[in-house]
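Here it is, the structure, as structure tokens.
Residue numbers begin at 1 in each chain, while the letters A, B, ... track the order of the sequences. Values below: every heavy atom of this structure, side chains too, minus hydrogens, waters and symmetry copies.
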Amino acid sequence: MYAQMVKSEATAEDPQKLAAFQARIDAGEKIEPKDWMPEGYRKTLIRQIGQHAHSEIVGQLPEGNWITRAPTLERKAILLAKVQDEAGHGLYLYCAAETLGVSRDELTEMLLDGRMKYSSIFNYPTLTWADMGAVGWLVDGAAIMNQVPLQRTSYGPYSRAMIRICKEESFHQRQGYHIMMKMAQGTPAQKKMAQDALNRFWYPSLMMFGPSDKDSVHSAQSMKWKIKMNTNDELRQKFVDQTVPQAEFLGLTVPDDTLRWNDDKGGYDFAEPDWSEFFDVIQGNGPCNTERLAARNKAWDDGAWVREGLMAHAAKKRAAKLAAE
Amino acid sequence: MTDQSALFEYLLRLGDNTLVLGHRVSEWCGHAPVLEEDIALANTALDLIGQTQMWLGLAGEVEGSGRSADDLAMHRDVWDFRNLLLVEQPNGDFGQTLMRQCLFDAFHLELLTDLTRASDDRIAAIAAKALKEVTYHLDRSSETVIGLGDGTEESHRRMQTALDLLWPYVGEMFTPDAVDLAMHAAGIAPDLTALRTRFDTRIDAILTEATLTKPDSTYAQSGGKTGFRHSEHLGHMLTQMQWLQRAYPGATW
């Protein structure tokens, strides 16, 4: 899940309009950019889609960290393709957000100065090649849990972006798992790397769904608007239930002594992640927060002359074309 | 030099160019000036790595010692690399990266065009596939060089600096040696002198539109494609690129 703890905005508008809007959503209609929508719906979506887009962009960094060290040409090509897909996802999502009246540059500036967040998961370091497997398997796996239902979200452009993104994400997850299989069946050193990656990424992956939101007013409003489709706990449970057998198949151990199958609920009982660590990461104190934001700021600042140069050239060409007409 | 060993050397040149440049371009991943450029850079790197798999795969076949494309990429040291000095030069700023790309693309496009008519069908087939990708590479790199050359005062200055810095590496692409001559005689490689004329026509047009001045020097650094003397940069690149294979020999990834 690339959007965490998105606060929904209160809305104080004409009750009749609100009721009609809600009726459209309840009937399963898609809301399109030019339709009337409550201000709270619009703002919440900007925050949610923006955070998701930023996550895709910052998410390039932990994987980009291994592109130059990929062990084979094929692995390098796959990783490049994956990171390229992520940049593409960022692009669709910024476009979806732009239909709500905010520009990509405005959103970028809010990311760079810390006003907007990205997923906590990308503040963890990628230390070995097995982390490329773990990120695909666990991080993309967790993201898919949230994104598959969001294909049915009420906002048309967001829903359509999700449909495209989900196709690519499930491919990424399979690639990640394939790396894990190679490692788990490989040399003792490779197997150790794989277990180490699972140890480090398990709890941060569970944190991706955000803290329990069963009593959250924000979540209730977002679910009513169908911009959040499931509770965080539902998605986390689904993720654990899907992932534990996959870990067993790999011969790896999920780092949770309390993990047990519970027949009554038809799912696993598992340990909660350390939420104080989660809040630390959200506050900017994760292992890589400083580096990630510094890298994005540097790319933006170093690239200013390029953007200005290309804009100036385009303006000259427009002027020349006008003069010729 | 037998035809087979010249062919092997020649294929290493083709594959090492795309490998080393693909690697360099991939270093940009996540750090480009704008999202569209991140995508375009990754796409270019991806194409080049794909071409590497084909060229080095064929090189391994021709050599006949059972070495795969990965073996060739990951288990040779600097002196066995046969890429041009141009492609191993560091990325520098975005302008330097795109200038390097444009100079190489203009050469690469002309080279591949001729290689599609090579007497060896395997080479002609790879060239035909790569040519489609490289046509796009040159479109993009030349448009960017033009846009930045003819952009602001700062972007113009940076592009001229990049051109001045990289120009001494252009000559090596067109200076034939025994391998080039043997391959030309075998009906595989083009005559590099004729290729230079076509390259100059293309590059002159691009630089004129970019309002950039071609350096008044024909001096050419050499030693990349023969492997005699690479720059210091290549070794550092290999320490990263080959690290996992070297640190964990015999593992499958």
(message) Rounded at 0.5 Å granularity, tell me how far OG1 in Thr152(B) sits from NZ in Lys316(A).
(response)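 If we round to the nearest 0.5 Å, Thr152(B):OG1 and Lys316(A):NZ are 8.0 Å apart.
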(message) Under 4.5 Å from any heavy atom of chain A, what part of Arg158(B) do you find: side chain, backbone, both or neither?
(response)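 Contact with chain A is through the side chain of Arg158(B) alone.
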(message) Working to the nearest 0.5 angstrom, can you tell me the gap between Leu48(B) CG and Lys76(A) NZ?
(response)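 Going from CG on Leu48(B) over to NZ on Lys76(A), the span is 10.5 Å.
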(message) Distance alone, cut at 3.5 Å: any donor-acceptor contact between the side chains of Glu27(B) and Thr68(A)?
(response)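 Note: Glu27(B) and Thr68(A) side chains miss the donor-acceptor criterion.
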(request) Go through the atoms of Gln245(B) and report whether side chain, backbone, both or neither lie under 4.5 Å from a heavy atom of chain A. (result)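 Only the side chain of Gln245(B) comes within 4.5 Å of chain A.
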(request) Can you measure from CG (Leu310(A)) to OG1 (Thr144(B)) and round to the nearest 0.5 angstrom? (result)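 The CG atom of Leu310(A) sits 6.5 Å away from the OG1 atom of Thr144(B).
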(request) Look at Gly133(A), Pro71(A), Ala312(A) and state which one has the largest set of heavy-atom pairs under 4.5 Å with chain B. (result)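 Highest number of pairs under 4.5 Å: Pro71(A).
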(request) Measure distances from Ala32(B) to the heavy atoms of chain A and classify the residue's part below 4.5 Å as side chain, backbone, both or neither. (result)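 Only the backbone of Ala32(B) comes within 4.5 Å of chain A.
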(message) Test of understanding: with side-chain hydrogen bond (donor to acceptor under 3.5 Å, both in side chains), list the residues that count as partners of Asp105(A), not counting sequence neighbours.
(response)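 side-chain hydrogen bond (donor to acceptor under 3.5 Å, both in side chains) list for Asp105(A), sorted by chain: empty.
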(request) Supply the atom-to-atom distance His31(B) NE2 to Leu61(A) CG, rounded to the nearest 0.5 angstrom. (result)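 The distance works out to 5.5 Å.
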(message) As an exercise: rank Glu74(A), Arg75(A), Arg104(A) by heavy-atom pairs under 4.5 Å with chain B and give me the winner.
(response)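 Most heavy-atom pairs under 4.5 Å with chain B: Arg104(A).
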(request) Using side-chain contact (heavy atoms from CB on, under 4.5 Å) as the criterion, list what pairs up with Ile46(A), not counting sequence neighbours. (result)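 So Ile46(A) forms a side-chain contact (heavy atoms from CB on, under 4.5 Å) with Arg42(A), Leu100(A), Val102(A), Leu107(A).
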(request) Hey, could you give me the SG/CD distance between Cys29(B) and Glu86(A), rounded to the nearest 0.5 Å? (result)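 One finds 8.5 Å between SG of Cys29(B) and CD of Glu86(A).
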(message) Let me confirm one number: the CG-CG distance from Asp70(B) to Leu73(A), rounded to the nearest 0.5 Å.
(response)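 The CG atom of Leu73(A) is 4.5 Å from CG of Asp70(B), to the nearest 0.5 Å.
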(request) Go through the atoms of Met74(B) and report whether side chain, backbone, both or neither lie under 4.5 Å from a heavy atom of chain A. (result)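 When you check distances to chain A, only side chain atoms of Met74(B) fall under 4.5 Å.
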(request) Can you tell which part of Met237(B) gets under 4.5 Å to a heavy atom of chain A, answering side chain, backbone, both or neither? (result)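 Neither part.
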(request) Name, in order of residue number, those residues of residues 51-66 of chain B that have a heavy atom at a distance of less than 4.5 Å from a heavy atom in chain A; otherwise write 'none'. (result)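 Hits under 4.5 Å: Thr52(B), Gln53(B).
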(message) With a 4.5 angstrom heavy-atom cut-off, is it the side chain or the backbone of Leu46(B) that approaches chain A, or both, or neither?
(response)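 Both parts, backbone and side chain.
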(request) Check the pair Leu91(A), Ile39(B) against side chain to side chain contact (heavy atoms under 4.5 Å, CB included), reporting the backbone distance first and the verdict last. (result) CA-CA 10 Å; Leu91(A) 204 54; Ile39(B) 296 174; 3.7 Å; yes
(request) Can you tell which part of Leu79(A) gets under 4.5 Å to a heavy atom of chain B, answering side chain, backbone, both or neither? (result)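 Neither part; nothing is under 4.5 Å.
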(request) Any ring-ring contact (aromatic ring centres under 6.0 Å, His included) involving residues 290-318 of chain A? Give me the pairs, sequence neighbours left out, ordered by first then second residue. (result)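 Residue pairs with at least one partner in residues 290-318 of chain A: there are none.
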(request) Give, as side chain, backbone, both or neither, the part of Trp253(B) having an atom under 4.5 angstrom from any heavy atom of chain A. (result)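 Contact with chain A: backbone and side chain both.
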